[in-house]
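Have a look at the structure below, then the notes.
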Amino acid sequence: MRAIMLMFDTLNRRFLPPYGARGVHAPNFERLSGLTAVFDRAYAGSMPCMPARREIHTGRHNFLHRSWGPLEPFDHSVPEILSRAGVHTHLVTDHQHYWEDGGATFHNRYDSYEFFRGQEGDKWKGQVADPPMPPVLGRRPDRMRRQDWINRQYMATEDRHPQTLTVDAGLEFVAVNAAADSWFLQIECFDPHEPFFTYDEHRSHYVRDLAADSADGVPRADWPEYRRVTEDPAQADRVRAEYLALLTMCDASLGRVLDAMDEHRLWDDTLLMVCTDHGLLLGEHGWWGKNVQPWYDENIHTPLFVWDPRSRVRGERRSSLVQTVDFGPTLLDFFGVPAPGPMAGAPLAATVARDAPVREAGLFGSFGGHVNVTDGRYVYMRAPLRESNDPLYEYTLMPTHMASRFAPEELADAELVPPLPFTRNAPVLRVPGRPWGNPHAFGTLLFDLESDPEQRHPLLSDALELRMAGLMVELMRSADAPESQFERLGLPATGPVTEHHLLARAQFALVLASGRELPPRSAFRPAAQGVPGVTTPLGELLADGDCRAAVLRHLPLVANPEFARRVADQSPYDLAARTPGVSAAALEALEAELAVPSAGTRSAGPQG
């Protein structure tokens, strides 16, 4: 028995032909859908990248206890469990986050592994002089973009691209070990994660004039920043075209894997799972990216294709609600290896064979963000009860963030607390948490995906919210959520959920405000000396006494001196594009007040 997991990062199901996409060149995904069971209700769980991988290893949700971080000392790891049972596990990947502090314990759980460098500003090639860097639509210059353009110099042709090298290595492992038994191969491609760097062969399907689009001085559209959409429709279309071009390159890599399955006759006894960690917002809901905004359907509802040689189901759809936590248990079951202790996930063999139900509802979210539940039709997205989004704690024995260690000041209030139900008698550090953004600004949301698949019309139904909140609490308790999470959300840690706990109606004004798209920059007065407006840098506005008072009235978050220093070169408009708590209405009110001269003369210099 052998198994292959082909995992892409940031694969949006809505851009795949098997899920209804049109105008996308992805013939191998269409081919794949005829060779596998295609899942229509697959959902991710803990977000984003490394939290999702922790779910694959542990079969448990982790976002209620921990942000982005490595495998903990008490975590079970499915690849390591397989290895101890005599299954050789091999990882090939170009996912550079494994190299960082927040991913450093994952790859050594495999028997062998290969990494290929250079993706997304990976600290790979050293160059002191600045590389040639064309402007990028909507993205400010930073160290990551500088490093990315250094790295691109070493990927001039497709055969040198990290995705190509990753798949090459995976196919080499297959060729060397095709006659051997008991192995698991994980081919993990960072693409089509941004930046959407690919080649004209793939871009030609979507970009009409390649020469003009790549000319000197023309802004690149291949790396959207995580913020509101401020580009015009034509510019936004260019960004989506670059994503599709990279998706088409991924499709070609998928085709190479399917060819190897044919060539080595692996269909007879080899499990194949093609999956992703999450999707990406490409302008939907007025946003690019992920993390700050709620986990809308485009980001959390994922593609999944499974070939199981035991049932040999091909070309059939599956409607059962499944999640990322099911991947690890599915691998253990395939190799006949018992799971060590309880896992939230379940093996998918019966679901592949006959669409057997797996769960009534699924839980998902990111640390400190909305906690969400879906039954496959309705989605309930619970925001924190208070704007302060507290109490919130990390529970860890590995205090690292994505690319750094916890700072000493973050650990100043850390406490060693008794073991949690899943930490195998190990006490853990409890550290005050710091989430991305503030989910309170979006309010609590409830959607019917059957009648409103684009999630444009949030519902107000006390009866439905009560049912979905009950499912949420049940799943949170099963996941051993700490009491602080229930308090943060205004939900009961024990006892029933009642009408007293409902939140959607009380926060509906926040929902309406956050749902309003940001007007284009051109709708506001351009920055000009002596005529301040919301496109004037905040540093200048805060240095003027009258302007400062107006800014603090409408943007109270810049009252924090340290935050104000960090954003001094940004305008209120720039801040609104990146911060969900700054609404279009706040910008308009600030613009109107700045347009009215003070009764006295504007005073120079900071006040207060």
Side-chain angles (χ1 to χ4, degrees), residues 1-13 15-19 26-39 42 44 49 52-53 55-57 78-79 82 88-95 98 106-107 110 112-116 119 161-175 177-178 183-193 246-264 266-267 269-279 302-309 314 322 324 326-328 330-331 334 348 352:
M1 306 291 280
R2 292 81 67 90
I4 297 174
M5 176 188 289
L6 174 57
M7 184 176 182
F8 296 100
D9 194 301
T10 314
L11 189 60
N12 188 323
R13 72 193 291 275
F15 290 91
L16 296 178
Y19 290 99
N28 290 298
F29 275 101
E30 294 186 80
R31 175 184 169 194
L32 177 68
S33 67
L35 296 169
T36 60
V38 182
F39 284 77
C49 298
R53 283 152 184 80
E55 286 197 345
I56 293 173
H57 281 251
V78 165
L82 290 174
H88 186 96
T89 58
H90 185 67
L91 170 69
V92 295
T93 186
D94 59 345
H95 199 287
Y98 283 117
F106 284 87
H107 55 276
Y110 298 81
S112 50
Y113 54 84
E114 290 185 79
F115 283 158
F116 299 93
Q119 290 276 24
H161 191 283
Q163 180 192 148
T164 305
L165 297 174
T166 296
V167 177
D168 285 348
L171 298 182
E172 178 186 61
F173 179 89
V174 169
N177 297 288
W183 51 257
F184 165 57
L185 168 64
Q186 184 170 331
I187 304 174
E188 184 178 330
C189 298
F190 188 68
D191 295 324
H193 192 291
L246 187 53
L247 188 153
T248 293
M249 182 178 171
C250 292
D251 181 81
S253 292
L254 167 63
R256 296 172 63 202
V257 174
L258 297 180
D259 290 345
M261 294 285 292
D262 291 340
E263 178 186 352
H264 298 288
L266 297 180
W267 300 107
D269 63 357
T270 304
L271 178 78
L272 175 66
M273 183 184 302
V274 179
C275 59
T276 189
D277 50 359
H278 52 71
T302 57
L304 177 63
F305 307 83
V306 180
W307 161 256
D308 189 329
R314 281 186 162 168
V322 302
T324 305
D326 300 324
F327 296 175
T330 297
L331 291 167
F334 181 73
L348 297 181
V352 172

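In this structure, the side chain of Asn28 engages the main chain of Asp251 through a donor-acceptor pair within 3.5 Å. Under a 3.5 Å cut-off, the side chain of Thr276 and the backbone N or O of Leu11 do form a donor-acceptor pair. When atom types are taken as modelled, the side chain of Thr330 and the backbone of Leu348 share a donor-acceptor pair closer than 3.5 angstrom. The main-chain N or O of Ala178 is found under 3.5 Å from a side-chain atom of Arg2 such that the two form a donor-acceptor pair. Without hydrogens or angle criteria, Asp277 side chain to Cys49 main chain gives no donor-acceptor distance under 3.5 Å. With His161 contributing its side chain and Gln163 its backbone, the two residues share a donor-acceptor pair below 3.5 Å.
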One pair to check against side-chain hydrogen bond (donor to acceptor under 3.5 Å, both in side chains): Ser112 and His88. What are the steps and the verdict?
CA-CA 8 Å; Ser112 50; His88 186 96; 2.9 Å; yes
Report the C-alpha distance between His57 and Tyr110 in whole Å, list the side-chain angles of each, state the deciding distance to 0.1 Å, and finish with yes or no for ring-ring contact (aromatic ring centres under 6.0 Å, His included).
CA-CA 11 Å; His57 281 251; Tyr110 298 81; 5.7 Å; yes
Could you check Leu304 against Phe327 for side chain to side chain contact (heavy atoms under 4.5 Å, CB included), going step by step and ending with a plain yes or no?
CA-CA 10 Å; Leu304 177 63; Phe327 296 175; 3.9 Å; yes
Worked check of side chain to side chain contact (heavy atoms under 4.5 Å, CB included) between Glu114 and His90
CA-CA 8 Å; Glu114 290 185 79; His90 185 67; 3.9 Å; yes
Could you walk me through whether Phe190 and Thr10 satisfy the side chain to side chain contact (heavy atoms under 4.5 Å, CB included) test, starting with their C-alpha distance in whole Å, then the side-chain angles of each, then the deciding distance to 0.1 Å, before giving a yes or no?
CA-CA 8 Å; Phe190 188 68; Thr10 314; over 6 Å; no
Thr36 vs Val274, test: side chain to side chain contact (heavy atoms under 4.5 Å, CB included). Steps then yes/no.
CA-CA 9 Å; Thr36 60; Val274 179; over 6 Å; no
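For the pair Leu254 and Leu6, the minimum side-chain heavy-atom distance is below 4.5 Å. Proximity of Phe334 to Thr270: side-chain heavy atoms (C-beta onward) are nowhere separated by under 4.5 Å. For the pair Leu32/Val38, no side-chain contact is recorded, criterion being any heavy-atom separation below 4.5 Å from C-beta on. Residues Phe39 and Thr302 have side chains not in contact (no heavy-atom distance under 4.5 Å, counting atoms from C-beta outward).
Taking OG1 of Thr93 as the reference point, atom CG of Asp9 lies at 9.0 Å (rounded to 0.5 Å). With rounding to the nearest 0.5 angstrom, the CD atom of Gln186 is 8.5 Å from the CG atom of Leu331. Taking CG from Leu35 and CE from Met261, the interatomic distance works out to 8.5 Å, rounded to the nearest 0.5 Å. Once rounded to the nearest 0.5 Å, the distance linking CG of Leu185 with CZ of Phe173 reads 5.5 Å. Annotation: the span from Leu91 atom CG to Met7 atom CE amounts to 10.5 Å, rounded to 0.5 Å. Here the straight-line distance linking atom CZ of Phe29 with atom OH of Tyr19 works out to 9.5 Å at 0.5 Å rounding.
In this structure, Trp183 and Asn177 approach most closely via the heavy-atom pair NE1-O, 2.9 Å. The minimum heavy-atom distance between Pro79 and Thr89, with the atom names listed, is O-CG2, 3.4 Å. Of all the heavy atoms in Met5 and Cys275, the pair that sits closest is CG-SG, 3.9 Å. Smallest separation of non-hydrogen atoms from Leu271 and Asp308: CD1-CA, 3.8 Å. Shown here for Arg256 and Thr164, the closest heavy-atom pair between the two residues is NH1-O, 3.8 Å. The two residues Cys189 and Val167 make their nearest non-hydrogen contact at SG-CG2, 3.9 Å.
In summary, of the residues considered (Asp326, Thr324, Val78), a side-chain contact (heavy atoms from CB on, under 4.5 Å) with Ile56 occurs for Thr324 alone.
Under the ring-ring contact (aromatic ring centres under 6.0 Å, His included) criterion, Phe115 pairs with Tyr98, Trp99, His107, Tyr113, sequence neighbours left out. Not a single side-chain hydrogen bond (donor to acceptor under 3.5 Å, both in side chains) links Asn12 to another residue, sequence neighbours left out.
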